[in-house]
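What follows is a set of notes on a single structure, which appears directly below.
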Amino acid sequence: MKVLVVIPTYNEVENIAQIVGRARRNDVDVLIADDNSPDGTGQLADELADADPRVHVMHRAGKEGLGKAYLAAFGWGLERDYTHIVEMDADGSHRPEQLGRLLQRAAEPDRPDLVIGSRYVRGGSTVNWPLSRQILSRGGNLYIRLMLGLPANDVTAGYRVFRREILEQIGLDTVEASSYYFQTEMARRVHELGGTIAEVPVTFVERELGDSKLSGATFKESFGRTTALGIARWRRKLGLGS
């Protein structure tokens with residue numbers, strides 16, 4: 001396996017150095033995709049890259065959303081000879097120390113196309129989440145599974161490993177989701193292409209430094225897109241057309 005870990009950043013100067021250092025202990029390359037952070041994250045990323053030839057930086061013009069950053073970084077990785085591309089948050093919620101179990105699962109003989117680090121399988125958990133957020137997340141994932149028929153318990157999770165062949169089949173230029181709905185959309189694309197999805201348990205830890213990028217608009221977009229696609233899917237299943 002030749003693995004690229006993609007870490008998108010926007011105002012993560014407090015976190016990026018230690019996250020990259022911890023990720024690199026897994027013998028992987030790292031690509032920091034910075035959306036022109038005004039706090040100096042991009043400059044610090046350049047310093048990390050200067051000190052380590054296996055750390056790379058993509059400077060983007062501005063903040064366009066998580067999905068757009070990942071798509072650009074995936075394209076960068078596919079232009080090179082990486083066999084697997086990993087999504088990892090910069091805020092520490094995705095523990096780099098747990099990356100090994102995702103990569104081990106990705107390397108097993110059945111060669112899953114997508115491995116998700118899941119909060120909602122046996123052994124998975126969340127830390128420092130209020131009850132209201134747990135209910136919202138679990139309820140949202142249940143709704144997505146029922147509406148879209150996806151074979152995963154944690155469809156919205158952002159800690160995941162893609163096999164390069166499935167990314168090539170998806171066609172990155174056809175993916176429109178730009179915010180956190182991107183995770184659901186990519187899982188849906190994998191499933192519709194006949195790709196295999198596997199989950200391994202991880203512990204998701206709420207960020208300790210910096211500000212969360214989640215907003216009410218994020219959940220509104222996810223609910224709206226899921227509902228529209230789900231209604232169309234169920235109409236087809238019931239023979240009512242699209």
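- Glu199 places a side-chain N or O within 3.5 Å of a backbone atom of Asp154 that can act as its donor or acceptor partner.
- Residue Asp35 is tested with His59, Arg60, Lys63 for a side-chain hydrogen bond (donor to acceptor under 3.5 Å, both in side chains); the sole match is Arg60.
- There is a side-chain donor-acceptor pair under 3.5 Å between Asp29 and Tyr82.
- For the pair Met88 and Tyr159, the minimum side-chain heavy-atom distance is below 4.5 Å.
- Using modelled atom types, no side-chain atom of Gln169 and backbone atom of Leu193 make a donor-acceptor pair closer than 3.5 Å.
- Taken from CG in Leu48 to CZ in Arg24, the straight-line distance is 11.0 Å, to the nearest 0.5 Å.
- A distance-only check finds a donor-acceptor pair linking the side chain of Gln134 to the backbone of Trp129 [under 3.5 Å].
- In plain terms, the two heavy atoms of Val30 and Ala23 that are nearest each other are CG2-CB, 4.3 Å.
- In plain terms, the two heavy atoms of Thr196 and Pro112 that are nearest each other are OG1-CA, 3.1 Å.
- Checked by atom type and distance alone, the side chain of Arg25 never pairs as donor or acceptor with a backbone atom of Glu97 at under 3.5 Å.
- Counting only heavy atoms from C-beta outward, the side chains of Thr9 and Asn15 never approach each other to under 4.5 Å.
- To the nearest 0.5 Å, the span separating CG on Leu142 from OH on Tyr120 amounts to 11.5 Å.
- Screening Val55, Asp89, Ile16, Leu31 against Ile7 for a side-chain contact (heavy atoms from CB on, under 4.5 Å) leaves a single residue, Ile16.
- The minimum heavy-atom distance between Val13 and Leu44, with the atom names listed, is O-CD2, 3.7 Å.
- Considering all non-hydrogen atoms of both residues, Val6 and Ala73 come closest at CG1-CB, 3.4 Å.
- Residues satisfying the side-chain hydrogen bond (donor to acceptor under 3.5 Å, both in side chains) criterion with Glu87, sequence neighbours excluded, are Gln183.
- For the atom pair NE2 (His84) and NZ (Lys2), the distance works out to 13.5 Å, reported to the nearest 0.5 Å.
- Separating the CG atom in Asp34 from the CG atom in Asn11 is a distance of 8.5 Å, to the nearest 0.5 Å.
- Shown here for Met147 and Thr227, the closest heavy-atom pair between the two residues is CE-O, 3.8 Å.
- Checked by atom type and distance alone, the side chain of Gln98 pairs as donor or acceptor with a backbone atom of Thr203 at under 3.5 Å.
- Residues Tyr10 and Ser37 approach most closely at CA-OG, 3.1 Å, considering heavy atoms.
- Remark: Leu114 CG to Arg105 CZ distance equals 11.0 Å, nearest 0.5 Å.
- For the residue pair Arg119 / Thr156, a side-chain donor-acceptor distance below 3.5 Å is found, with atom types taken as modelled.
- Under the 4.5 Å side-chain heavy-atom criterion for Ile, Leu, Val, Met, Phe, Trp and Tyr, Ile116 and Leu4 are members of the same hydrophobic cluster.
- Taking the side chain as every heavy atom from C-beta outward, Leu78 and Leu172 approach each other to under 4.5 Å.
- The pair Asp27-Arg54 meets the salt-bridge criterion, since a charged nitrogen lies less than 4.0 angstrom from a carboxylate oxygen.
- Residues Met186 and Leu167 are in side-chain contact: their nearest non-hydrogen atoms beyond the backbone lie under 4.5 Å apart.
- A salt bridge links Arg163 with Glu165; the closest basic N to acidic carboxylate O contact falls under 4.0 Å.
- Taken to the nearest 0.5 Å, the NE2 atom of His191 stands 12.5 Å off from the CG atom of Asp113.
- Checking Arg189 against Thr174 by side-chain atom types alone, a donor-acceptor pair falls below 3.5 Å.
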